[in-house]
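What follows is a single structure, written as structure tokens, with notes after it.
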Amino acid sequence: MFDMMKMMGKVKEMQSKMKEVQAELAQIEVEGESGAGLVKALVNGQKKLIKVDIDESLVNTADKEVLQDLIVAAVNKATDEADIKAKEYMKEHTKGLMPNIPGFDLGNMFNA
């Protein structure tokens, strides 16, 4: 029984560390570009689109900021929905593999 308590303590420690690392991932920023730099995207370590920059030669300058904001919102909404569906899929396809232990959520462990 002592080993089980020790293991649960390690699991809680791991869950805490995973949450900490997830928060730190938000601080990582990476830029990608296409069209020889005409379109640039800034993404954080949580795979969230932060900013899109579209060269003015591609759009009406009056609409540029609105278009960029709409693209960021649409991509993040799609990403969030994909995460939800992935969690549902994982839950459905791993049912019965792990015992149902209150407070023991492996689902969040796989968010990168």
Side-chain angles (χ1 to χ4, degrees):
M1 188 59 135
F2 178 71
D3 287 337
M4 182 66 145
M5 296 295 287
K6 193 173 177 182
M7 183 180 81
M8 293 305 291
K10 287 287 186 190
V11 168
K12 283 232 181 264
E13 182 181 327
M14 183 175 63
Q15 285 177 324
S16 176
K17 183 64 175 175
M18 290 299 290
K19 285 181 182 179
E20 183 182 317
V21 169
Q22 285 292 325
E24 291 170 359
L25 287 175
Q27 305 307 311
I28 296 171
E29 294 184 352
V30 179
E31 184 177 82
E33 63 176 55
S34 63
L38 292 174
V39 177
K40 297 177 182 176
L42 185 66
V43 178
N44 71 17
Q46 293 175 328
K47 296 187 254 177
K48 291 288 185 185
L49 182 63
I50 299 167
K51 178 182 169 189
V52 170
D53 185 27
I54 301 171
D55 190 270
E56 291 174 4
S57 67
L58 297 175
V59 294
N60 176 347
T61 56
D63 298 331
K64 181 181 174 186
E65 279 191 43
V66 172
L67 179 59
Q68 291 173 167
D69 290 344
L70 289 171
I71 291 169
V72 169
V75 170
N76 285 332
K77 186 174 182 180
T79 302
D80 289 344
E81 188 64 26
D83 282 344
I84 290 168
K85 292 206 179 286
K87 284 180 184 178
E88 289 172 358
Y89 181 88
M90 288 294 293
K91 186 176 182 179
E92 182 179 321
H93 288 83
T94 59
K95 196 182 302 180
L97 294 178
M98 289 292 292
N100 187 11
I101 303 170
F104 185 64
D105 182 13
L106 287 178
N108 290 326
M109 192 177 297
F110 301 107
N111 294 339

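As a basis for the values below, the full set of heavy atoms in this structure was taken, side chains included, without hydrogen atoms, waters or symmetry mates. For clarity, every value in this text was computed on a predicted model and none was experimentally measured.
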Tell me which donor-acceptor pairs under 3.5 Å the side chains of residues 31-39 have, and how far apart each pair is, sequence neighbours excluded?
none

Under 3.5 Å, sequence neighbours excluded: what are the donor-acceptor pairs made by side chains of residues 49-61?
residue: Asp53; atom: OD1; partner: Lys64; partner atom: NZ; Å: 3.4
residue: Asp55; atom: OD1; partner: Ser57; partner atom: N; Å: 2.9
residue: Asp55; atom: OD1; partner: Ser57; partner atom: OG; Å: 2.6
residue: Asn60; atom: OD1; partner: Ala62; partner atom: N; Å: 3.0

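Here the straight-line distance linking atom CD of Gln68 with atom NZ of Lys40 works out to 11.5 Å at 0.5 Å rounding.
Residues Val43 and Val72 are members of one and the same hydrophobic cluster, defined by side-chain heavy-atom contacts under 4.5 angstrom among Ile, Leu, Val, Met, Phe, Trp and Tyr.
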Start with the C-alpha gap between Lys87 and Ile84, add the side-chain angles, then the distance that decides, and say whether side chain to side chain contact (heavy atoms under 4.5 Å, CB included) holds.
CA-CA 5 Å; Lys87 284 180 184 178; Ile84 290 168; 5.9 Å; no
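Other residues sharing a hydrophobic cluster with Val66 under the 4.5 Å side-chain heavy-atom criterion for ILVMFWY residues are Leu70.
Within the structure, ring pair (Phe, Tyr, Trp, His ring centres under 6.0 Å) contacts touching residues 50-86 (residues at least two apart or in different chains) do not occur.
With sequence neighbours left out, the side chain to side chain contact (heavy atoms under 4.5 Å, CB included) criterion links Ala26 to Asn44, Gln46. Among residues two or more places apart in sequence or in another chain, the salt bridge (Lys or Arg N to Asp or Glu O under 4.0 Å) test is passed with Glu20 by Lys17.
Checking side-chain atoms of Thr79 against main-chain N and O of Val75 turns up a donor-acceptor pair under 3.5 Å.
Annotation: Glu24, atom CD; neighbour count of heavy atoms from other residues, nucleotides and ligands within 6.0 Å is above 12.
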